[in-house]
Structure formats: structure tokens, C-alpha cells
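Some notes on the structure that comes next.
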Amino acid sequence: MNRKTGRLIFTTMCMVILSAAVSAFAQTSDPKIDRKKLANEVKAEFQHAWNGYKKYAWGNDDLKPLSRSYHNWYAEPLLMTPVDALDTMYLMGLKKEADKTRKYITKTLKFDKDLDVQKFEIVIRLLGGLLSSYQITGDKELLKLADDLGARLLPAFDSPTGLPYKHVNLRTGKVSTPISNPAETGTLLIEFGTLSKLTGKPVYYEKAKRALVETFNRRSKIGLVGTRINVETGEWTNKGSHVSAEIDSYYEYLWKCWRLFRDEECRQMWEESIPVIHKYLADEVRDGELWYGHADMDTGERTRTTWGALDAFFPGLLAISGDLERAQRLQDSSFKMWNLHGIEPEVLDYAKMEVTRPGYPLRPEIIESTYILYQLTKDPKYLAMGKKIWEDFKEHCRTDVGYAHLKDVITKEKNDGMQSFVMAETFKYFYLLFADDKILDFNKVTFNTEAHPVHRTWKD
Ligand code: DMJ
């Protein structure tokens with residue numbers, strides 16, 4: 001064991017002991033939060049949204065809750081909502097409904113289609129969803145589907161750099177859209193790596209790992225990555241650096257792939273990246289509020305003072321990687337953003353506390369971080385935070401047939417959309433926050449970026 005690994009294990013052990021100590025006190029200390037009641041409420045609301053999907057969008061990708069119709073991403077549906085929702089149903093104990101849905105998926109879903117799909121979205125939602133539900137149920141048909149999908153996506157990696165193209169045709173393997181971003185080139189290894197481990201085919205791990213490393217290798221001299229990259233030349237086409245859209249889950253997978261696969265190179269890439277993020281992106285405003293803004297990847301100079309709904313995953317990532325101090329301060333900032341209008345905006349200028357992009361498409365990241373922080377601290381503050389977020393979410397986004405995006409968090413005007421991630425992530429994290437901790441062993445699970453839980457069931 002080297003010194004870094006030793007330090008890491010020591011820090012993790014301290015966190016576990018500390019969590020256990022506060023846990024005994026915290027679990028009984030707040031009579032106002034009835035976790036069981038809240039968990040049941042979340043489950044009932046998940047069923048409400050699922051029933052809306054079944055009634056008005058069955059067999060299609062997403063429900064449109066205002067027009068009571070449906071939306072498909074491509075010319076033919078790929079069952080985004082059922083696949084994304086399936087493991088949430090199992091975790092909520094909705095076994096009968098989940099079994100019915102699983103059989104429907106294995107009978108209906110086919111990938112031999114002439115569709116140019118966006119590889120990243122298909123990987124995190126469909127490949128991730130099929131693999132986690134396979135691990136939960138042992139249904140080999142789900143693994144077969146995942147293997148078929150994985151093989152059809154592989155041509156995307158055939159670029160001169162090994163960085164994958166953004167789109168690939170599921171039938172022909174034809175690739176398109178060479179301008180991609182770190183989130184799309186670097187958020188593949190949990191899914192492809194797990195597929196390798198479960199099928200015994202190393203090619204999946206190798207291609208996705210190379211894409212992650214090639215992304216890291218193109219960091220600037222000061223160690224930051226940019227927003228857009230050309231996968232044919234390896235040149236950056238947008239040099240904005242941040243932890244927000246188009247970069248976010250690249251960092252998430254550096255840490256999580258070390259955790260899931262014990263891949264030492266992933267840990268090293270994470271350990272080289274994180275101090276640079278703190279140095280150039282962290283920003284303190286007013287009386288010691290911590291936020292993370294945008295900077296130029298070459299000079300490190302501040303370019304924007306914005307934070308948003310997508311960025312709100314970062315406190316959770318800091319927490320699981322052992323930095324509880326920054327994680328808690330940053331989560332307070334996200335919660336401040338949420339409370340500004342009683343629902344968080346897509347983007348906020350934290351220096352001025354002004355909304356710059358007012359939509360809210362039912363994003364899960366803030367509740368994901370709340371759940372992680374509660375698991376690691378057992379501080380009832382996070383239950384209270386989750387309860388407030390849940391109540392606002394229900395009040396402003398619920399419709400008669402499901403949940404709807406908000407066009408504007410200030411006016412609370414709704415938009416006609418309910419993306420599949422609300423079933424995979426938003427309801428799941430709300431539920432896991434309030435439900436019995438025994439439902440899922442937090443110390444053994446790794447969530448992909450779409451909240452599909454993956455377990456290390458293999459031996460290296
Ligand atoms: C999800 O599809 C994933 O969490 C992704 O990493 C980011 N965006 C959405 C949810 O906001």
C-alpha cells in the first residue's frame with residue numbers, strides 16, 4: 001500500500017467512525033421529520049408520475065404532462081422512461097409493477113435501428129439502467145440487451161484520438177458530430193466497465209478508459225479542461241472551465257471509477273484534478289460563502305460567477321471523496337440558490353444573486369448531494385433540507401398527470417416536459433433520503449451519473 005492509498009483509507013475510516021457516532025444521536029433527535037411518512041409520499045408521487053406516463057405516453061420515451069401526450073428523442077422510441085424508472089421501482093418495493101415493466105422492456109426494446117443516437121445520453125440512461133436492473137434481478141435478457149447496445153455504440157470510439165464521437169448510428173455504426181465535451185467523452189467508464197466485468201469482454205473497459213485518459217491528457221498546463229473538444233484533432237474549441245454542463249460528470253467518473261473498479265490511474269487523475277479545481281474555480285463571496293465559478297482553462301482567470309442546478313452535484317462528489325468541509329459549505333450555497341425563489345434556476349449569478357437562466361427541468365443534483373451528505377453525516381439538517389426541497393418540488397412542479405418542467409422559477413410557469421431522469425434520479429434520491437437506510441447499503445453502491453446503482457459483484 002502506498003502512502004496516498006494509506007491516507008485515503010485512514011480518512012475514509014475516520015469519516016465512517018464519525019458518521020456512526022453522530023448517527024445514534026441524529027436518528028432520534030428531530031421529531032419534526034417523519035422519514036417514513038415522507039418516503040411513502042415520495043413513492044406515491046413516483047407512482048402518480050408513472051401512471052401519467054403509462055396512460056399518455058406508454059411505449060414512448062417521455063411524458064408530456066401538460067398536453068397529455070408524449071415525446072420521442074428519435075424517429076422511433078427507445079423506452080427511455082421505462083428503462084430509467086425500472087431500478088427505482090425495485091428500490092421502492094414496487095415489485096409487481098417492476099416485473100411487468102421489465103418483461104415489457106425485454107420483449108419490446110430492440111437496438112437494431114437506423115438511428116443516429118447521442119452516445120452519452122444512451123449510455124447513462126439505457127446502458128446504465130439495463131445494467132443496474134440486471135444486477136438487481138439477475139434477468140439475463142437485460143444483460144443481453146446491454147451487451148447488444150454496448151457493441152452497437154463501440155464504433156463511436158474509432159476516432160484518430162480515441163475520444164468518442166458524439167453520435168453513432170445504432171444499425172450502421174456511422175459516426176457524426178466530432179465536436180464533443182469532457183462530460184460526453186469521459187462519462188462512460190462506469191457503464192462500459194461494468195459491462196466488461198459482467199460479460200467478460202475487456203474491449204468495453206479499454207475503449208471507455210482510453211477516452212477518459214485522453215480527455216485528462218488534454219488538460220491545460222495549469223491542469224484544467226475546457227468545455228468543447230474536437231475528437232478528430234484533440235483541439236479545444238471552447239476553453240471555458242467549470243464543473244457545470246458539459247464537464248460535470250467527467251470529474252464524477254474519475255473518482256467513482258477508482259471507487260468501483262479500484263483503478264489506480266483514475267484515482268491519480270482525480271488527485272491531480274481536484275486541487276486545480278479548488279485553486280482556480282472555487283470562489284468566496286460575501287461572508288465566506290463558497291461557490292465554484294468559471295475560469296479560462298489556460299490562464300485560470302475568472303470568466304463567470306455562475307453556479308446552477310447541474311453544478312449542485314458537486315457537494316455530493318466532494319463528500320464521497322472525503323472533503324466534507326467544502327461539501328457542506330457548498331451545499332449551503334446550493335440550498336441558498338434553491339431558496340431564492342423556492343425552486344432552483346438552471347443558472348444563477350452568485351455574485352449578484354440574480355437568475356441568468358430561469359428554467360427548472362426537474363433536475364436531481366441538489367437532492368443527490370443532500371442524500372449523500374445525510375448518509376455521511378447523519379445530520380438531521382439534511383433531512384430538513386430535503387423536506388423543504390421536496391415540498392417546493394411538489395407544490396410547483398406537480399400536475400394532474402405527472403410532474404412538469406418549469407419554464408421560469410420566478411413566475412413558476414410550467415413547461416410541457418417530464419424527462420426520464422426524474423424517474424431515474426429525482427424521485428430515487430428523494431426516496432433514498434427518507435426511506436430506511438437498509439434499502440441500499442450506501443457504502444457498497446456506486447451510482448452512475450443517472451443514479452443507476454452499480455455493485456462491485458466481480459473479483460479482479
Ligand atoms: C442527467 O441525465 C444526468 O445526471 C447527467 O449527468 C446530467 N443531467 C441530467 C440530470 O440533470
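Both counts, for ligands and for their atoms, begin at 1 and track the order of listing. None of these values were measured; they are calculated from a predicted model.
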Within-4.5 Å side-chain heavy-atom neighbours: Phe335 and Ile389: yes

With hydrogens left out, which residues have an atom under 4.0 Å from ligand 1, given that only heavy atoms count? Ile124, Arg125, Leu310, Arg363, Pro364, Glu365, Phe421, Glu425, Thr449, Glu450

By the definition ring-ring contact (aromatic ring centres under 6.0 Å, His included), identify the one residue from Tyr431, Phe434, Phe430 that meets it with Trp390. Phe430

Cationic tip of Arg219 above Phe216 ring, under 6.0 Å, 45° of axis: yes

Is it the case that Lys54 places NZ or CZ above or below the six-membered ring of Tyr56, under 6.0 angstrom from the centre and within 45 degrees of the axis? no

Residues two or more places apart in sequence or in another chain: which of them pass ring pair (Phe, Tyr, Trp, His ring centres under 6.0 Å) with Tyr251? none

Hey, would you say the Phe192 and Tyr205 ring centroids sit under 6.0 Å apart? no

